[in-house]
Structure formats: C-alpha cells, structure tokens
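Have a look at the structure below before the remarks.
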Amino acid sequence: KPRSIALSSLPPPSLWRGAPADPPAGPQVDNPFRSPSSGLTEMDGQEGLTGEQREALLLFKEVTAGARDDTASIQLLKSCGWSVEQALQLHWAAGEDIATSAAAPSASAAMGSSDASLAQPLLSGEGEASTAPPSVATSGGGQLNSFISWIARGVRRIGATILHLISCFFFGAGGMLLGGGHSGAAFGRALTASYGSQLQLPNFYEGSFSRALQTARKDLKLLVVFLHSEHAREARSFCTNVLCNDIVRGMLDENFLLWGGDLARMEAHQVAQMVHARRYPTLCVLLPASLDEVRVIGMVQGEVDVDAAIALLARCSEEMETHRSEIVARSAQHIEDRNLREQQDREYQEALEMDRKRAEEQAEQEREAREAQRLQEETERKERERLEREEAARRKLDEERKEQAQKLEDEVPEATAKIALRLPAGQRAQRKFRPEALLSDVYAWAGCVGHLPENEGRGLEIPGRFVLKTSFPTRDLTEMDRTIKELELSGTNLVLAEIEDDEDDEHHK
C-alpha cells in the first residue's frame, strides 16, 4: 500500500548528521519496501544481536562494501549507539586506514586489536604507537617532550578529521565528483565519470528536490527518486544495467520525472530519511498529492534487476491513472476555492469602496447641512442685529422727537402763515408760523407733529427720514435757511414723503 509522508516531518539541519534513521514501522516481514537479505551468514560476532542490530550491521557492510569485518563493524556500531549514519561518517573519516586494512586482510589480522579499538576512530591513522600517551616511566625532559608531541599529534588529527567530515558532508566521500549540487546534468556526468562514459543515462531533473516536487505536481507526473551511494555494493551494476536499460530509460524519460542525488549530500541524505531508505541504491516513486502531502507508492532498494525496476515503474504508472483524477479534482477544487476567495475579496473590497463613498457622501451632506445651518444662523443673527439697531434707532429718534415737541414754542399772534401737512398714511395736520420762520422750523414741527398735545391719540406715524414737497406744482423743499415768506409757503398744503433710499443727502428730519 502507498504511504504518505509529510514534508513538515523532515528533521532540522542540526540532525542531518549523526541522527539515527527512523526504524521500520512493524516487523521486518511486513515492510513492503525492504529488500531481501543479501545472504549474510551468521558469524560468531553476531550472536546475541537483535533483529534491528543485525539489520543495521547488514546495511553498514553493504554501504561500506565489506571494508570491515563483522567484529570491527559491530564494535563501531556499538560505539555510535547503533546509529548507521554516525558509524558511516566515522568509517569515512578514517577512510585511508580502513582502505588499507580492506586491501590487505592479512594485515588486519596481524594488527590484532587495532580494529577492535574503533570506539576512538577520530584519533587513528598514524600507527599504533601514537594512539596512547607516552609511558610514565620516561623520565626528565624526554617525558615532557614526548607528552607535548603526543598532544600536538592528537590536536592535528582531530582538526584533520573535522575538516574531512565537513568535506564528506558537503562534497561527498568522493569529493566533488559525485552529486554536483542541484544540477541533474552534473549528477549524470559524475555517474558516467565513475562508471564509464559509455553509459546512456535517463534525463535527471535540473533543480532541487522541492522544485522537482512542484514540477511533478504541476505536470501531473510521478516523481522517481534515485538515491545513489558510491559505497554501496550494487551501485555500479544498478547504474550500468538498470538505469541504462533502454526500456527503463524510455519509461523514465516519457512518463516520469527523475531526480537523482548522492547520499553524501545534505539534500539526498534528507530525502533518504524522509522515504525511510534502508539500502542503496534506492529507486523510490513519489506521488505529490498536494502541497503538504507526498505519497510513497513504490520502492526498490539494494540489489535490483531490470525486471524489478520495469515492474515497479509499470505498476506505479497504472496507479497514477487512478490518482490522476483525484489530483485533477483536487486541483480543480483548489482553483475553484481560490476563485471563490478572489471573488469574495473583490466583493468585500467593492463593499468597502461603496461604504467609503457612502460615508464620504454622508459626511459631505452633513458638512453642507452644517454650512447651510451656519449661514441661516448668520443671516438670522444679522437680521436680529439689524432689527435691534433699527429698533434702537427708532426709540432714540422717538425720544429726540419727544424732546423736540417739548421745546417747540406755542403759536403766537404773529404767526399768520398757515401751513397744512399731509402724512403718508393720508392723515393731516396744520400749524401757523411767523412769516420770517425758516424752513428748518417747518421740518422740526413735521418731525414731532405726532408727539404734540393736540395730536395725541391720533396715531400719527412719521417716517425716520422724510422730505417735504409742495403739492402743485411738485417741488422738493430743501433750502433750510430760507424763510416761509421767501419760499411762499403761507397757505399751502405740503406733502411729507418718506425717503426710502440709503443715500446721505441734505434732507433734515
């Protein structure tokens, strides 16, 4: 059955090195991705080991191509807490000594306990005599010099080992030859450089593993992951016989997306932990079902022949047709959800814009209403002030006319010039003046005529500003310093007319 793996479950970079790989879930016989045993016989050194420890020993010997015997491998794994990754790194760190011992098995037997001391591999490599501090029996300056030399050699070996570990982790145990970055073409050239220029390899994806997942998801293809280890026993046969097979190469190029990585690289090591690869080389088929779900639908590991690879690719290709409709439906649902969200966002923005415009219009209306109210209040205030001024002026004029009425002298016998006055309301009044009286005296009488004792109760209304005119012919009387006699006003009927304009003229009230 295919199983799903979450991309968020990848270990942090601090755990890429030295972290034990996830153990298989359940008994060994139930793991569908485990390759059959390579036929390793039981030895005396394996007595008392558990099933997982035997599996770790088998994996270690396969990756290292049997560079160590069972006793040395078990001791190295025990020193690393049965962590295959840590044991491999320590093995590669001491690569030169191990290669020498693997090339001459008799030499390893002659060295006796040198392989048995692999619990301290970081301090090996310069001979047996330098792995222990100098004897305390040495006396004098020789003892001090020997001790200082031993410390210096140890520090030098530790520094070289750390640099070697870093180089192995970033560039692989074979340097920069294999796994050239994220370039598929460089990875293919490294394989041909290692196993022969006559290799006809399939096309590897140009880019990182995450980019390959995105491309496979976009193109609705399965992603085939090839995990390579130059230390695996079957690495050469897999590259020369399986990957270069015409049928396998055609299926990979036509129906799949192929991504390859060397196990010594950080990214490939991370992918191996994600798919729980136990043996190498590994050919794993992944289905990028969604942005956060990747399914493992098939895997072959270790000793793989052409028929097994073709069967895996054919079966996964058939299963892809079943999953394709699910992916298309999920993609369509994703697009529909995205369109719905975009439509809702647009409608929300439009609603916000309408609310903003409505608020602006309401604010403008309120501003106009406040301005209109202010103008109305200003007009009313000015009108009130005008009426108050007019009322004050009227009261003041009324007082002045009352005073003028009190100051007006009574008629005397010499007053022989009779003048009649017609008011704007049609009311009439008359008075006798001396012939030598001035026209200004006539205006003074006309202004206070309503306040005279003989006119009380008649309701005579005299305008604030007026002019006296003759009735026929009509003539304005404005010469205030002329007498009645000179103006020939005796016995005439004068008309009192209100002045309605605001011009300041010479008329007197």
Side-chain angles (χ1 to χ4, degrees), residues 5 7 9-22 33 35 59-60 62-65 83-89 91-92 165-195 201-216 222-236 238-239 242-243 252 256-286 288 294 296 298-302 304:
I5 54 178
L7 295 182
S9 63
L10 294 179
S14 61
L15 298 181
W16 289 352
R17 308 296 290 187
D22 295 340
F33 305 114
S35 300
L59 177 61
F60 178 80
E62 288 180 352
V63 173
T64 59
S83 171
V84 178
E85 285 78 7
Q86 290 184 1
L88 288 173
Q89 296 308 317
H91 167 76
W92 290 330
L165 285 174
I166 295 175
S167 175
C168 289
F169 191 62
F170 284 96
F171 302 111
M176 297 185 64
L177 183 61
L178 290 177
H182 297 308
S183 173
F187 181 73
R189 288 194 300 269
L191 293 179
T192 56
S194 298
Y195 305 119
L201 296 171
N203 296 321
F204 291 97
Y205 179 78
E206 294 287 340
S208 63
F209 176 72
S210 59
R211 292 286 300 277
L213 283 176
Q214 296 175 4
T215 304
L222 293 174
L223 178 62
V224 176
V225 176
F226 168 49
L227 298 176
H228 171 75
S229 173
E230 64 179 355
H231 304 286
R233 181 182 305 152
E234 295 83 3
R236 176 178 291 276
F238 185 86
C239 293
V242 179
L243 281 184
L252 288 174
F256 299 88
L257 193 66
L258 178 61
W259 182 87
D262 189 271
L263 189 62
R265 286 284 184 177
M266 289 184 293
E267 187 177 27
H269 182 77
Q270 183 182 20
V271 175
Q273 288 184 336
M274 183 182 71
V275 301
H276 298 287
R278 310 298 294 178
R279 302 175 64 189
Y280 303 97
T282 296
L283 199 65
C284 179
V285 183
L286 303 179
V294 178
V296 179
M299 180 189 296
V300 290
Q301 308 178 72
V304 181

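These numbers come from a predicted model, not from an experiment. Nothing fancy with the numbering, it's 1 onward along the sequence.
His269 pairs in a side-chain contact (heavy atoms from CB on, under 4.5 Å) with only one of the listed residues (Arg265, Met266, Gln273), which is Gln273. Partner of Leu283 under the side-chain contact (heavy atoms from CB on, under 4.5 Å) criterion, out of Val304, Val224, Leu252: Val224 alone.
Atom CG in Asp262 sits 6.0 Å away from atom CD in Glu230 (nearest 0.5 Å). Atom CG in Leu201 sits 5.5 Å away from atom CG in Leu191 (nearest 0.5 Å). Rounded to the nearest 0.5 angstrom, Tyr280 OH and Leu263 CG are separated by 4.5 Å. For the atom pair CZ (Arg279) and CE (Met299), the distance works out to 13.0 Å, reported to the nearest 0.5 Å.
Remark: aromatic rings of Phe226 and Phe238 are close, center separation under 6.0 Å.
Put simply, the side chain of Thr192 gets close to the backbone of Gly188: a donor and an acceptor are under 3.5 Å apart. Counting only distance, with no hydrogens or angles, the side chain of Glu206 and the backbone of Gly184 share a donor-acceptor pair below 3.5 Å.
Thr64 meets the side chain to side chain donor-acceptor pair (under 3.5 Å) test with no other residue; sequence neighbours excluded. In this view, Ser210 and Ser208 satisfy the side chain to side chain donor-acceptor pair (under 3.5 Å) rule, not counting sequence neighbours.
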Practice problem: List the steps, then state whether ring pair (Phe, Tyr, Trp, His ring centres under 6.0 Å) holds for Trp259 with Phe209. | Solution: CA-CA 7 Å; Trp259 182 87; Phe209 176 72; 5.4 Å; yes
